[in-house]
*Asks:* 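Let me give you the structure first, and then I'll get to my questions.
All values derive from a computational prediction rather than experimental measurement. Below, chain A is the first sequence line, B the second, and so on; all start at residue 1. What's counted below: heavy atoms across the whole structure, side chains too, no hydrogens, waters or symmetry copies.
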Amino acid sequence: MAITEENPGYKWVGTRPIRPDGLEKVTGKAQFGADLMLPGMLFGKVVRSPHAHARIVSIDTTAAEAMVGVKAVITGSDFPDLAANGAHASDIDVANNAIAREKVLYEGHVVAAVAATTRDQAEAAAKAVEVTYEILPHVLTVDEAMAEGAPLLHEGMITKGVDPAPEEPSNVASKILHERGDLDQGFGEADVVVEREFTTKPVHQGYIEPHAAVADANSDGRAHIWCSSQGHFQMRAYSATVLGVSPGTLKVTAAEIGGGFGGKTVIYLEPLAVRLSQRAGRPVKLVMDRDEVFRATGPTSGTRIRVKMGVSQDGKITAAEVWMAYEAGAYSGSPVGAAGMTAIACYDIPNFVVEGYDVVCNKPRVAAYRAPGAPMAAFAVESVLDDLARDIGMDPIDIRLANAAVEGTQASYGPKFPRIGFVETLEAIKDHPNYTADLGPNQGRGVAAGFWFNAGMMSSATVHINENGTATVVTGSPDIGGSRQSMALMAAEELGIPYESIKAVVADTETVGFNDVTGGSRVTLATGAAVVDACRLIVEDLRARAAKTWDVEVDQVEWVDGQAQHVDGSQPPLSLSDLAAKSGRTGGPISANASLNSRGVGAGFSTQLCDVEVDPETGVTRVVRYLTAQDAGRAISPDYVEGQMQGGVVQGIGWALNEEYIHDQDGVMENPSFLDYRIPVASDLPMIDCAIVEVPNPAHPYGVRGVGEVGIVPPMAAVGNAINDAIDVRMTDLPMSPVRILEALTEQSD
Amino acid sequence: MKYIAPSSVEEATSLLSTSPSAQVFAGATDVVPQLRAGRSAPELLVDLKKIEELVAIAKDDDKWTVGAAAPTANLTEDEAFSGEFPGLSEAAGLIGSDQIQNRSSLGGNLCNGSPAADSVPAMVVNGARAVIAGPNGTRVLDVAEVVTGPGQTSLEADEFIVEFELDRMPARSGDAYLRMIPRTEMDIAVVGAGARVTLAEDGSIEEAVVALGAVAPTVVRVPDAEAALVGGTADDETLSAVAEAASGVCNPIDDKRGTVAYRKQVAGVLAKRAVLIAIERAEQRNGSK
Ligand SMILES: Cc1cc2nc3c(=O)[nH]c(=O)nc-3n(C[C@H](O)[C@H](O)[C@H](O)COP(=O)(O)OP(=O)(O)OC[C@H]3O[C@@H](n4cnc5c(N)ncnc54)[C@H](O)[C@@H]3O)c2cc1C
């Protein structure tokens with residue numbers, strides 16, 4: 001269901017053609033990261049730390065090197081010492097996370113890698129690498145890491161963002177602060193104040209395809225990498241840093257990708273595969289097991305968040321105070337910054353303090369995950385807002401409408417909002433039949449909202465017109481959410497030729513201009529704008545060629561419905577295929593490039609409505625009805641927009657109900673499989689109903705905002721609010737698993 | 001590693017007695033993941049699915065005979081069987097997914113020795129017997145006696161189960177199996193509860209068997225629940241007694257899948273609910289077999 005503000009009469013934009021990658025994927029032909037086979041290729045295996053925190057005393061590789069079939073064994077000392085070279089701190093972290101030097105900082109941290117003729121040989125050799133560790137005390141949570149006298153991961157870590165800077169090192173990497181107005185005055189004006197504390201566990205992106213990379217190094221120092229990632233230009237940059245080479249010596253080809261959700265914007269295997277290939281003189285393939293994916297990649301932060309909010313009787317939020325601590329895992333860089341900026345961004349609040357801490361602990365380094373940082377903060381803020389609405393007897397949509405950010409509102413994180421569609425998403429929920437559908441016994445209904453910036457960044461595109469007038473659209477943005485279809489739809493609209501006449505492809509790092517990662521919901525916006533720019537250059541060129549053919553001025557030629565027409569109709573029109581066929585006589589091949597740094601992002605808002613049923617005797621919660629309303633700006637490809645909206649919700653429901661990292665006392669992950677790390681299965685979910693809201697982004701030629709992320713922001717609070725409605729229990733700790741719900745119900749009845 | 005698919009029970013037993021590191025398998029839905037995880041490395045894998053008796057499903061006037069290696073999909077799709085033993089059929093139908101059930105077997109589910117195996121409580125409440133072949137011929141053992149602990153069975157290394165026998169379901173009888181999992185499928189039971197009842201002509205409960213899975217090292221019967229049910233009806237008081245007895249026999253572990261307190265409480269809930277379903281089914285089976 002689409003709510004379209006105005007219908008600009010597009011022919012292709014907004015249609016639902018067959019997806020271009022479907023056939024190859026359902027027939028198994030598509031080549032994912034692990035599928036590539038090269039002649040003479042070796043199989044690699046990574047050696048990982050069994051300890052959460054330890055000093056590497058020694059690594060003995062002699063036994064492994066002597067084994068049958070083993071062609072190379074590498075350790076941290078096979079890579080340049082970036083710290084000694086005075087590299088940037090964040091690059092040093094990337095390198096140390098790829099392969100540990102002095103210390104291992106989490107269970108699963110890489111200490112060595114081997115390459116051998118067969119997989120079995122590689123596995124046996126990996127087991128034969130002898131690492132001696134001096135085990136150190138570890139910290140697993142923000143509570144442990146921030147405690148007085150906690151063991152330190154990085155002895156020199158001085159908290160940034162605190163003035164004056166602390167003298168003693170700690171596990172707190174940085175502090176963020178956003179303030180406005182006068183908190184005391186704000187709470188003084190409130191009729192009701194609610195304060196609660198929440199915790200969330202680290203959760204994994206849960207992409208189905210494990211990380212995989214193949215590297216083929218040449219003796220001249222150049223190397224070719226094939227990998228599954230969200231950005232092969234970024235993989236090139238990071239790999240070059242870790243290997244200590246110029247990015248230009250590496251060529252990276254993007255494989256088809258089986259999910260990323262942010263988790264494939266970082267490197268793990270690529271530089272290891274290159275070094276192994278260099279040492280062995282043969283191509284090397286590295287593929288993670290699911291177990292390794294859980295132990296050493298992703299996840300997003302576990303958190304502790306306190307929220308205090310006050311409202312007046314008429315539903316106006318008078319003050320908000322938010323304190324949050326986010327686990328960063330082994331190296332600084334949790335998404336607490338974004339969390340601080342998004343936590344209350346949906347609302348126009350006169351008085352607030354938002355304070356946050358980025359805290360390292362002995363778990364895998366967190367990676368981006370859909371709207372990084374925002375969902376946990378929203379879980380806390382939207383739960384408290386729900387309580388406030390109940391306390392003053394106000395409808396949950398109405399309280400949000402009463403405080404909603406609109407065009408011109410000073411966002412909590414600084415700038416004034418341009419045109420945004422938050423109010424429209426709230427109204428879309430209210431207007432939907434789900435809002436008034438009957439609820440059965442033990443059922444409850446919850447509402448929650450969320451905000452995400454959406455990113456812009458840099459993109460390049462090339463458009464080629466083939467000799468028969470069809471077109472090839474080349475970008476460097478790996479397609480993880482349907483971007484090939486969206487690129488082709490926008491190109492069809494611009495060129496005036498059928499969608500079916502356009503093939504969109506993702507080219508390697510040597511074949512197309514630079515593209516930032518596929519992340520931040522940016523590809524349809526920024527890469528899409530580059531495609532539109534390139535198409536417009538083509539159209540200009542085509543008009544010039546028609547003018548030349550007719551011997552008239554260019555301004556006498558219009559481009560309409562895929563053909564050049566003379567303004568007064570005095571010439572028979574020239575179609576794109578006519579012009580393509582004659583291109584040799586009008587200046588040669590027809591082709592154009594466009595590169596840009598995005599001209600403006602469009603913030604995304606989502607409001608969601610969830611109905612659950614809770615079994616009061618077993619604590620099992622089933623989602624029985626779910627509606628998500630999201631401002632897409634413009635849905636270029638509604639099928640894929642709905643896919644993104646539904647996907648975000650489904651991941652959010654998993655996060656809400658069952659997903660969590662479980663560690664034992666030694667800091668070893670206990671549930672590194674999809675059996676015990678429970679992402680939802682299809683039968684767990686109702687059809688996720690979608691209301692696409694379209695409030696165009698003025699900074700994009702079609703009004704695109706980006707849709708990949710904000711959908712995961714509201715679900716945890718929506719589910720929690722629905723559970724509260726069903727059984728009158730406010731769940732403040734994620735996941736809201738059957739065990740926790742039954743405990744809460746038992747406490748309530750005591 | 002070697003693979004052999006014998007075509008007779010004799011051939012299979014002689015293979016097992018001559019190769020000390022041999023392992024039988026049926027669907028291999030437990031065996032393959034264990035091999036992959038490096039948890040076992042037999043020298044010889046003996047495929048039981050090529051032996052006729054092991055995949056056959058048959059009935060006569062007295063009993064059903066279910067091949068130990070028959071794909072559970074064949075069982076759940078058998079309308080006569082599922083009509084007579086809906087609880088056992090549903091339990092078998094909970095194993096994994098359609099793909100898994102096209103391979104998985106009752107023999108494998110039992111002999112893998114998982115405390116959470118779904119078909120086992122349902123077999124136990126129905127008094128299923130295992131026909132076991134060995135070098136000296138066959139012996140018959142109650143299913144309840146086969147598993148001795150997690151991953152452990154009372155079978156000798158050169159023995160395997162040929163088939164299961166189930167007496168025909170009497171009139172006014174019904175069975176049921178329920179499990180608690182956090183998801184709706186592709187999960188492992190946190191608690192499983194099987195029940196079977198036979199009603200007297202006057203509607204009172206004549207016989208009752210209740211068994212629980214996933215709450216102790218092996219499947220456990222709940223004698224106090226059975227005693228509370230027999231001779232009466234399933235009124236609220238009796239059902240509370242059933243729940244309390246079920247919670248009481250639990251000897252679960254605290255682990256990533258559930259706490260002791262949770263498992264105990266939910267064992268009671270599921271036992272009660274399974275008994276109610278079994279009674280309802282028994283009431284519907286007023287006639288003959
Ligand atoms: C994705 C997935 C989901 C699953 N979900 C469930 C579930 O929901 N519930 C559940 O209970 N299980 C589940 N399982 C486990 C498994 O599928 C079942 O236990 C199944 O019934 C095993 O049957 P099988 O024939 O495949 O056993 P196999 O793997 O062939 O054998 C299992 C064990 O039994 C032994 N064995 C097999 N046949 C005999 C015999 N005739 N005599 C003596 N020993 C024998 C084997 O040596 C082995 O030790 C799941 C497994 C997977 C992979």
Side-chain angles (χ1 to χ4, degrees), chain A residues 45 119-120 123-124 126-127 201 289-291 294 613 615-624 650 653-654 656-665 668-686 735-747 749-750, chain B residues 1 29-30 33-39 41 93-100 114 116 178-193 214-215 239-240 242-244 246-247 252-274 276:
Chain A
K45 182 77 192 169
R119 210 164 294 192
D120 286 349
E123 270 169 30
K127 286 199 186 105
K201 291 288 182 63
D289 296 334
R290 177 65 53 194
D291 177 280
F294 275 115
E613 182 170 324
D615 181 333
E617 288 187 313
T618 63
V620 172
T621 301
R622 301 275 181 240
V623 176
V624 294
V650 168
I653 290 173
L657 292 178
N658 284 308
E659 293 182 39
E660 62 178 315
Y661 266 56
I662 303 173
H663 282 87
D664 70 12
Q665 283 182 341
V668 174
M669 187 179 180
E670 288 195 278
N671 59 335
S673 78
F674 278 139
L675 175 57
D676 287 308
Y677 182 92
R678 294 187 167 81
I679 62 172
V681 295
S683 56
D684 291 350
L685 303 157
M736 298 176 274
S737 60
V739 173
R740 289 227 173 89
I741 294 209
L742 209 55
E743 272 168 10
L745 278 168
T746 312
E747 262 172 46
S749 67
D750 287 350
Chain B
M1 191 182 296
T29 59
D30 280 316
Q34 285 160 10
L35 289 175
R36 290 243 174 95
R39 276 196 280 149
L94 289 174
I95 298 175
S97 58
D98 286 355
Q99 290 93 324
I100 295 292
S114 162
L178 295 173
R179 72 171 178 183
M180 189 281 153
I181 52 172
R183 287 190 289 218
T184 47
E185 60 181 337
M186 298 306 284
D187 216 325
I188 181 163
V190 177
V191 176
V215 294
L239 287 173
S240 307
V242 167
E244 202 176 310
S247 298
I253 49 169
D254 253 331
D255 73 356
K256 61 196 171 194
R257 292 176 184 148
T259 58
V260 168
Y262 183 82
R263 285 189 152 115
K264 285 192 167 189
Q265 186 165 347
V266 172
V269 172
L270 293 195
K272 191 175 73 176
R273 291 182 184 177
L276 282 174

*Asks:* Under 4.5 Å heavy-atom distance to chain B, tell me which part of A:Asn658 shows up: side chain, backbone, both or neither.
*Replies:*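 Interface part for A:Asn658: side chain.
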
*Asks:* Please check if atom CD in B:Glu244 has more than 12 non-hydrogen atoms from other residues, nucleotides or ligands closer than 6.0 Å.
*Replies:*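 For B:Glu244, atom CD is not crowded (no more than 12 foreign heavy atoms under 6.0 Å).
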
*Asks:* Within the distance-only criterion (no hydrogens, no angle test), does the side chain of B:Tyr262 pair as donor or acceptor with the backbone N or O of A:Thr618 below 3.5 angstrom?
*Replies:*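 Yes, because the side chain of B:Tyr262 sits within donor-acceptor range (under 3.5 Å) of the backbone of A:Thr618.
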
*Asks:* Rounded at 0.5 Å granularity, tell me how far NZ in B:Lys256 sits from CG in A:Asp664.
*Replies:*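 If I round to the nearest 0.5 Å, the distance is 10.0 Å.
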
*Asks:* Please classify the contact between A:Ser737 and chain B as side chain, backbone, both or neither, with a heavy-atom cut-off of under 4.5 Å.
*Replies:*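 Neither part.
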
*Asks:* Decide if atom CZ of A:Arg290 counts as having more than 12 heavy atoms of other residues, nucleotides or ligands within a radius under 6.0 Å.
*Replies:*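 Yes, the 6.0 Å shell around CZ holds more than 12 heavy atoms from other groups.
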
*Asks:* Using a 4.5 angstrom heavy-atom cutoff, name the option from B:Met186, B:Met180, B:Arg257 with the most pairs to chain A.
*Replies:*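 Top option by heavy-atom pairs under 4.5 Å: B:Arg257.
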
*Asks:* Under the side chain to side chain donor-acceptor pair (under 3.5 Å) rule, collect the residues that match up with A:Asp291, sequence neighbours excluded.
*Replies:*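 By the side chain to side chain donor-acceptor pair (under 3.5 Å) rule, A:Asp291 matches A:Arg295.
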
*Asks:* What pairs with B:Asp255 under salt bridge (charged side-chain N to carboxylate O under 4.0 Å, His left out), at least two apart in sequence or on another chain?
*Replies:*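 With neighbours one apart ignored, the set is B:Arg263.
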
*Asks:* What residue, out of A:Glu743, A:Arg678, A:Glu670, has the most heavy-atom pairs lying under 4.5 Å from chain B?
*Replies:*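 That would be A:Arg678.
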
*Asks:* Testing the basics here: between B:Val266 and A:Glu617, what is the closest heavy-atom pair and its distance to 0.1 Å?
*Replies:*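 For B:Val266 and A:Glu617, the tightest heavy-atom pair comes out as CG2-O, 4.2 Å.
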
*Asks:* Does any heavy atom of chain B fall under 4.5 Å from the side chain of A:Thr746, the backbone, both, or neither of them?
*Replies:*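 Just its side chain gets close to chain B.
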
*Asks:* Against chain B, label A:Asp615 side chain, backbone, both or neither, depending on which of its atoms sit under 4.5 Å from a heavy atom there.
*Replies:*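 The answer is the side chain of A:Asp615.
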
*Asks:* Check B:Arg36 with A:Asp289, please: is the shortest side-chain N to carboxylate O separation under 4.0 Å?
*Replies:*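 Answer for the salt bridge query: no.
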
*Asks:* Who among A:Ile662, A:Leu742, A:Val620 has the most heavy-atom pairs with chain B under 4.5 Å?
*Replies:*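 So the answer, after comparing A:Ile662, A:Leu742, A:Val620, is A:Leu742.
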
*Asks:* Could you report the tightest heavy-atom contact between A:Ser683 and B:Glu185, atom names first, then the distance?
*Replies:*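 Reported closest heavy-atom pair: OG-OE2, 2.7 Å.
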
